[in-house]
Protein chains: 2
Amino acid sequence: MTTAPARPTAYADATVAVAVDVVPLALHEGAVHAAVVRVEHGVARSRLAFPGGRVRENESLDDAASRWLDGTLPGSRAHVEQLYTFGEPGRDPASRVVSVAYLALLPRALPSDGVLWVPCEPAPRLAYDHRTILHTALERLRAKLAYTNLAWALLDESFTLGELQQVYETVLGLALDRRNFRKRILALGLLKPLGTTRGGAHRPAQLYRFATRRPITVGVLPDRE
Amino acid sequence: MTTAPARPTAYADATVAVAVDVVPLALHEGAVHAAVVRVEHGVARSRLAFPGGRVRENESLDDAASRWLDGTLPGSRAHVEQLYTFGEPGRDPASRVVSVAYLALLPRALPSDGVLWVPCEPAPRLAYDHRTILHTALERLRAKLAYTNLAWALLDESFTLGELQQVYETVLGLALDRRNFRKRILALGLLKPLGTTRGGAHRPAQLYRFATRRPITVGVLPDRE
DNA sequence: GCAAAAGTGTTAGTGATACACCCATGA
DNA sequence: TCATGGGTGTATCACTAACACTTTTGC
């Protein structure tokens, strides 16, 4: 083969379909949870799977992901990013479907009709190859938490340092020293103290917000602690 | 929307096609180069683009990428990994094509019929959205070089520390202190000295190889130097 | 007053940086 | 002998890790 291939032009190939699947994750009761729904049709009927489906002809992949997320968890503020594309023949036994998976991070596991929030560990049984997709999503989350400020996506706009620390501890499954965590995270200069406090059952905590809620790449974590 | 959608079953949606595009990168004359080919058909005819095309019904995405790479640069040993999926409507003016882009790293810019190796900077003019794809590929390469041992994919099996250092310097566009680079890279324990040397025009250099040529995540670089 | 989380500083150690000189070879 | 890249050690600095006690509140 020595020449460039033809690009697709007028004809269409009816054998490979394109879908998106959205992996909505949120922290709940000290553990990472994922939102799943029951499959309605086909051989996987009534099994659990991530929300998703066909991409429309005139929508982008990102738009399709947002549409499926909003259809499942309406009105939720979420950070959505493309995760990976899964396209093994046979991953959907009924037909050839290439699925572009998206990761959606939410500050709360909001209840919604027909939606189940399940803990990610131990890994739940899911339809199709969605367990693999979940695994990929968790890997991505852990990796990005360690070198970006992505934690804002798993928190409300304002939060205490204790809550922020819990995000890291929960997702990464490790315990962090409170004093060193505060020093490091404040030294990054990404947080703004709000001047207000939140009263719980105990001593009230200072509230903070992220100065920017867009992805920034910085080392947020120690190598080990 | 409160319930799970139907998965695709018997019918097919002829409106969205799936392709792969492969971004082959190699170092050449002190700069990152990419392999491109000329588009043969359609409105982009004779413009430069990355090799790629439709995914066959019974092949995986990875297999499709390997097929297109091998069709363009036969017999090359390459590291191939999925990069990102591009699916804006209108990215191919002729029809709706969702393209799964792949990154291919090669130890040499091997010449091949119909293939042009072009420097990545300044960014070349390319058909479709391939300039965006190239940009994404370079970002990925730089990021992974900094926190993995991926450099092996851009080198022959055996190499000198000087050559290894050049990979980092070329890709990341910075100068590294030789002594510190050697200390750091050897301290990682990923390299095996071969005991042999390579004679160039000057003092012969010790040859090394990577103990493992699979992706490993380690900090390979200083923050800045 | 007691339980529970918030808040705070110092020290020791490790790892990163900066830096200069000699060596081996081919031309 | 000269030009070119290969090879080596040390001192300083910055950052990280380890660590314990006091404060504030609700009950």
Side-chain angles (χ1 to χ4, degrees), chain A residues 27 29-30 145-147 149 151 155-156 158-170 172-209 217-225, chain B residues 27 29-30 145-147 149 151 155-156 158-170 172-209 217-225:
Chain A
L27 302 189
E29 294 176 351
L145 209 59
Y147 68 89
N149 65 343
L155 289 166
D156 287 321
S158 62
F159 50 86
T160 67
L161 288 187
E163 289 165 347
L164 179 58
Q165 184 174 342
Q166 272 179 41
V167 169
Y168 285 93
E169 293 186 331
T170 300
L172 300 173
L174 42 80
L176 299 171
D177 180 89
R178 197 165 66 250
R179 288 159 295 191
N180 293 336
F181 179 80
R182 299 167 79 88
K183 261 180 292 184
R184 194 166 28 243
I185 212 83
L186 291 174
L188 290 175
L190 303 177
L191 299 184
K192 286 203 307 195
L194 294 186
T196 58
T197 55
R198 172 180 300 168
H202 310 293
R203 175 174 176 174
Q206 179 68 237
L207 284 174
Y208 292 84
R209 71 191 320 168
T217 300
V218 243
V220 183
L221 279 185
D223 291 343
R224 296 179 315 148
E225 191 155 357
Chain B
L27 302 189
E29 294 177 351
L145 209 59
Y147 67 89
N149 65 342
L155 289 166
D156 287 320
S158 61
F159 49 86
T160 67
L161 288 188
E163 290 165 347
L164 179 58
Q165 184 175 344
Q166 271 180 42
V167 170
Y168 285 94
E169 293 186 330
T170 300
L172 300 172
L174 42 80
L176 299 171
D177 180 271
R178 196 167 68 251
R179 289 158 295 191
N180 294 336
F181 179 80
R182 299 166 78 88
K183 263 180 290 184
R184 196 166 27 244
I185 212 80
L186 291 174
L188 290 174
L190 303 176
L191 299 183
K192 286 203 306 194
L194 295 185
T196 58
T197 55
R198 171 182 303 168
H202 309 294
R203 173 174 176 176
Q206 180 68 237
L207 284 174
Y208 292 83
R209 69 192 321 169
T217 301
V218 245
V220 183
L221 278 185
D223 291 341
R224 297 179 315 149
E225 190 154 0

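Residue numbering restarts at 1 for every chain, and letters A, B, ... go by the order of the sequence lines.
In this model, no side-chain donor or acceptor of A:Arg179 finds a partner on the base of C:dG7 within 3.5 Å.
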Protein N or O to nucleotides 24-27 of chain C N or O, pairs below 3.5 Å:
from: C:dG26; atom 1: O4'; to: B:Ala201; atom 2: O; distance (Å): 2.7

Pairs under 3.5 Å (N/O, protein and nucleotides 11-14 of chain D):
none

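In this structure, B:Asp177 places its CG atom 10 Å from P of C:dA20, rounding to the nearest Å. Summarising the geometry, the separation between CG on A:Leu186 and P on D:dT16 is reported as 14 Å, rounded to the nearest angstrom. In this structure, the CZ atom of B:Arg184 is 15 Å from the C1' atom of C:dT14, given to the nearest Å. Rounded to a whole Å, the CG atom of B:Leu164 is 12 Å from the P atom of D:dG6. B:Arg182 has its CZ atom 7 Å from the P atom of D:dG6, to the nearest Å. Computed from coordinates, the A:Glu163 CD to C:dA6 P distance equals 9 Å when rounded to whole Å. Atom-to-atom, CD1 of B:Ile185 to C1' of C:dA16 comes out at 15 Å; the value is rounded to the nearest Å. Here the P atom of nucleotide C:dA20 and the CZ atom of B:Arg178 are 13 Å apart, to the nearest Å.
Listed by chain and residue number, A:Glu157 satisfy the side chain to side chain donor-acceptor pair (under 3.5 Å) test with A:Arg209 (two or more places apart in sequence, or in another chain). Applying the side chain to side chain contact (heavy atoms under 4.5 Å, CB included) criterion to B:Gln165, with sequence neighbours excluded, gives B:Glu169, B:Leu176, B:Arg178, B:Phe181. A search for side chain to side chain contact (heavy atoms under 4.5 Å, CB included) contacts involving B:Thr197 returns B:Pro204, not counting sequence neighbours. In this structure A:Arg179 satisfies the side chain to side chain donor-acceptor pair (under 3.5 Å) test together with A:Asp177, sequence neighbours excluded.
To the nearest 0.5 angstrom, A:Glu163 atom CD is 8.0 Å from A:Ser158 atom OG.
When atom types are taken as modelled, the side chain of A:Gln206 and the backbone of A:Gly195 share a donor-acceptor pair closer than 3.5 angstrom.
Using a 4.5 Å heavy-atom cutoff, the side chains of B:Leu191 and B:Phe159 are in contact. Using a 4.5 Å heavy-atom threshold, the side chains of A:Thr160 and A:Tyr208 count as separate. You'll find the side chain of B:Ile185 stays beyond 4.5 Å of the side chain of B:Leu190, heavy atoms only.
For A:Asn180, whose side chain is taken as the heavy atoms from C-beta onward, the closest listed nucleotide among D:dG7, D:dA18, C:dA6 is D:dA18.
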